[in-house]
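Every number for a ligand or one of its atoms is a count from 1 in the order of the listing.
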Amino acid sequence: MGELRPETLKRIETTEAADAFIAEQIEAIRNQVGNKKVLLALSGGVDSSVCAALLIKAIGQNLVCVHVNHGLLRKGEPEQVVEVFRNQMNANLVYVDAVDRFLDKLAGVTDPETKRKIIGGEFIRVFEEEARKQEGIEFLAQGTIYPDILESDGVKAHHNVGGLPDDLQFELVEPVKFLYKDEVRVVGKALGLPDSMVYRQPFPGPGLGVRCTGAITRDRLEALREADAIVREEVGTLNPVPWQYFAVVPDIQSTGIKDSKRYMGWPVIIRAITTVDAVTAKSVEIPFDMLCRIRDRIIETVPGVNRVLWDISNKPVSTIEWE
Ligand code: XMP
């Protein structure tokens with residue numbers, strides 16, 4: 001159990017409150033780090049993005065953002081990180097294309113927890129290598145948020161492994177550590193981050209790796225990435241938007257028929273759930289016409305897929321992710 005949220009910190013619900021918080025944090029960050037350099041692993045998720053945007057405002061080029069593309073990100077995500085942070089915010093961004101490295105390590109690995117360990121462990125190694133290439137880093141920024149502190153026993157801690165070696169133990173800068181997720185979003189909006197980043201649904205650290213079940217292959221992963229983009233585009237128009245909605249491509253094949261010829265292809269599974277805390281979850285109703293549109297778009301455009309299914313399971317007994 002870490003520090004408790006200060007009683008003087010009022011809930012951040014308005015742009016004015018967010019602006020005041022941003023001004024306070026800019027001053028606090030400047031006081032903490034002075035003219036020293038700070039390193040940050042920037043995934044493109046809400047927490048690390050807001051953390052990065054705050055630090056860019058406070059110390060500009062002295063923040064070194066490292067974005068590791070491990071090949072398991074969703075369609076368009078690495079490009080968006082580069083566009084928003086390097087091109088629009090003029091951040092000092094190191095983009096690491098580690099796709100082959102991760103996928104080679106994962107080749108043939110079927111056990112979900114082993115896959116998680118490989119992804120988590122390799123991530124730390126890539127990040128460590130980049131940290132060693134940088135000169136004069138004295139601080140490590142992290143997008144820790146308040147629930148992470150309260151639930152040090154929670155899902156993230158349970159699933160995500162690893163840490164930097166002893167000689168790279170920098171002092172931490174954690175500007176959003178007392179905020180709840182909804183407050184982080186209000187701050188992100190006030191910082192000018194795009195809605196697609198600020199209102200992004202939760203996405204597991206191992207990314208598409210746990211939705212491309214069993215041994216990940218590049219062709220099935222690509223099919224998943226394309227199908228997932230279609231599912232997100234369609235289901236994201238529901239009101240209210242579900243907590244999580246995504247595609248899964250399991251490691252099974254079934255018979256399809258095209259031009260009178262039978263062939264084997266993968267199914268795409270659609271999953272949309274609502275929850276308050278991810279401990280229990282309910283399947284969200286997707287209108288049949290939307291399901292049909294998703295089916296048609298996937299079948300017409302995603303190579304290797306010949307069937308579309310809808311997972312209507314609740315948690316318990318089904319977990320949100322397939323692995
Ligand atoms: P499950 O599948 O256990 O997921 O019902 C509960 C929530 O946790 C997310 N999840 C993960 N998040 N690393 C993460 O950071 C992981 O390895 C991981 N596995 C599951 C999942 O997306 C859901 O929000």
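For the residue pair Thr301 and Glu226, no side-chain donor N or O sits within less than 3.5 Å of a side-chain acceptor on the partner. Using modelled atom types, one finds a donor on one side chain and an acceptor on the other under 3.5 Å when comparing Arg307 with Ser254. Side chain to side chain, Glu323 and Thr213 fail the donor-acceptor criterion of an N or O pair below 3.5 Å.
With a 4.0 Å heavy-atom cut-off, ligand 1 is reached by the side chain of Pro206 but not by its N, CA, C or O.
Closest to atom 19 (N) of ligand 1 by heavy atom, among Lys115, Glu321, Arg116, is Arg116. The residue from Pro204, Gly120, Ala281 that puts a heavy atom closest to atom 11 (C) of ligand 1 is Pro204.
Taking every non-hydrogen atom of Lys315 and a distance limit under 4.0 Å, the qualifying atoms of ligand 1 come out as 1 (P), 3 (O), 5 (O), 6 (C). The atoms of ligand 1 that sit less than 4.0 Å from any heavy atom of Gly205 are 13 (N), 14 (C), 15 (O).
For a threshold of 3.5 Å applied to N or O pairs, the pair formed by Trp243 and ligand 1 contains no separation below that value. The N/O atoms of Glu323, backbone and side chain alike, include none that comes under 3.5 Å of an N/O atom in ligand 1. Any N or O atom pair closer than 3.5 Å counts here, and Arg211 shares no such pair with ligand 1.
At most 12 heavy atoms of other shown residues, nucleotides or ligands fall within 6.0 angstrom of atom NZ in Lys282.
Among Arg5, Lys177, Lys10, the single residue meeting the salt bridge (charged side-chain N to carboxylate O under 4.0 Å, His left out) criterion with Glu183 is Arg5.
Between Asp251 and Arg220, at least one side-chain nitrogen of the basic residue sits less than 4.0 Å from a carboxylate oxygen of the acidic one, meeting the salt-bridge criterion.
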